[in-house]
Amino acid sequence: MTEGTVEKDEKVEEAKKKAEEAKKKAEAKKKAEMEKRAAIPQKKPYTVKLEVMAPVELTYRVWAETPEQAVEQIRYGTPTAPPRPRLSRKRNIKATVYKYGTVMIEFVKKYT
């Protein structure tokens, strides 16, 4: 072999080594980026159904001769106005969390 081909072979080997090092650095950088992304928690949409005992104010309009009769008549009647909740006095019973758009339960919390 001549000196020219030996020098070319050395240069080719050196270029291959540099290319491999660059490739390893790129892979390490990509891996570090993926680990960084995995460390950040991603927000997801959920549906939460909360069972509560909420005091509501129901309004009835009845015709009665005495207040006692009026109370008896509302026992079987339907309200004449929409119910008005009193949220300040509500009592939570159970919260159920679903992934948004699914029926698979993710988490259930019971309140005491």
Side-chain angles (χ1 to χ4, degrees):
M1 278 197 213
T2 64
E3 289 182 26
T5 58
V6 172
E7 288 177 12
K8 286 182 182 178
D9 288 341
E10 289 176 359
K11 287 181 182 178
V12 168
E13 290 295 325
E14 190 176 316
K16 285 182 181 179
K17 286 181 183 178
K18 285 183 181 180
E20 286 178 17
E21 289 177 14
K23 187 177 179 181
K24 287 181 182 179
K25 284 182 183 179
E27 287 176 0
K29 186 177 179 181
K30 187 175 179 180
K31 185 178 180 181
E33 182 69 27
M34 293 297 286
E35 289 175 357
K36 184 179 177 183
R37 285 184 185 175
I40 299 172
Q42 299 294 318
K43 293 187 178 184
K44 303 173 195 169
Y46 292 99
T47 301
V48 178
K49 292 186 180 181
L50 182 63
E51 292 181 26
V52 298
M53 286 183 62
V56 294
E57 185 178 280
L58 302 174
T59 305
Y60 295 89
R61 292 224 166 81
V62 295
W63 290 86
E65 295 175 1
T66 64
E68 291 81 13
Q69 279 184 340
V71 171
E72 288 296 320
Q73 287 180 4
I74 66 167
R75 189 183 314 173
Y76 304 108
T78 58
T80 57
R84 293 185 352 192
R86 301 292 178 211
L87 296 178
S88 62
R89 298 186 308 181
K90 77 174 181 171
R91 182 175 157 246
N92 293 339
I93 297 171
K94 181 173 87 171
T96 307
V97 180
Y98 303 87
K99 279 190 178 176
Y100 182 76
T102 67
V103 294
M104 188 169 60
I105 296 173
E106 290 287 319
F107 179 74
V108 175
K109 179 177 181 178
K110 292 185 180 182
Y111 298 91
T112 55

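Nearest approach of Leu50 to Tyr111, heavy atoms of both residues: CD1-CE1, 3.9 Å. Closest non-hydrogen pair, Ala70 versus Ala64, comes out as N-CB, 3.6 Å. Considering every non-hydrogen atom in both Ile93 and Val52, the closest pair reads CD1-C, 4.0 Å. Across every non-hydrogen atom of Tyr60 and Gly77, the tightest pair is CE2-O, 3.7 Å. Scanning both residues, Lys99 and Tyr46, for their nearest heavy atoms gives CA-CD2, 3.9 Å. Heavy atoms only, all atoms of each residue included: Val56 and Pro85 are closest at CG1-CA, 3.7 Å.
Using a 4.5 Å heavy-atom threshold, the side chains of Ile105 and Thr96 count as touching.
A salt bridge is absent between Glu14 and Lys11: the closest approach of a Lys/Arg side-chain nitrogen to an acidic carboxylate oxygen does not fall below 4.0 angstrom.
At a threshold of 4.5 Å between side-chain heavy atoms, the hydrophobic network of Ile, Leu, Val, Met, Phe, Trp and Tyr places Ile74 and Leu58 in one connected group.
With hydrogens and angles ignored, the 3.5 Å screen pairs no side-chain donor or acceptor of Glu57 with any backbone N or O of Arg86. Proximity of a side-chain donor or acceptor of Thr47 to a complementary backbone N or O of Val97 within less than 3.5 Å is not detected. Distance alone, capped at 3.5 Å, is enough to place a donor-acceptor pair between the Gln69 side chain and the Glu65 backbone.
Of the residues listed (Glu51, Lys49, Lys109), the one engaging Lys94 in a side-chain contact (heavy atoms from CB on, under 4.5 Å) is Glu51, and it is the only one.
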Arg75 vs Glu72, salt bridge (Lys or Arg N to Asp or Glu O under 4.0 Å): CA-CA, chis, key distance, verdict: CA-CA 6 Å; Arg75 189 183 314 173; Glu72 288 296 320; 2.7 Å; yes
Going through the distances and angles, do Lys23 and Lys25 end up as a side-chain contact (heavy atoms from CB on, under 4.5 Å)? CA-CA 5 Å; Lys23 187 177 179 181; Lys25 284 182 183 179; over 6 Å; no
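A cation-pi contact, defined as under 6.0 Å to the ring centre and within 45° of the axis, is absent between Lys44 and Tyr100.
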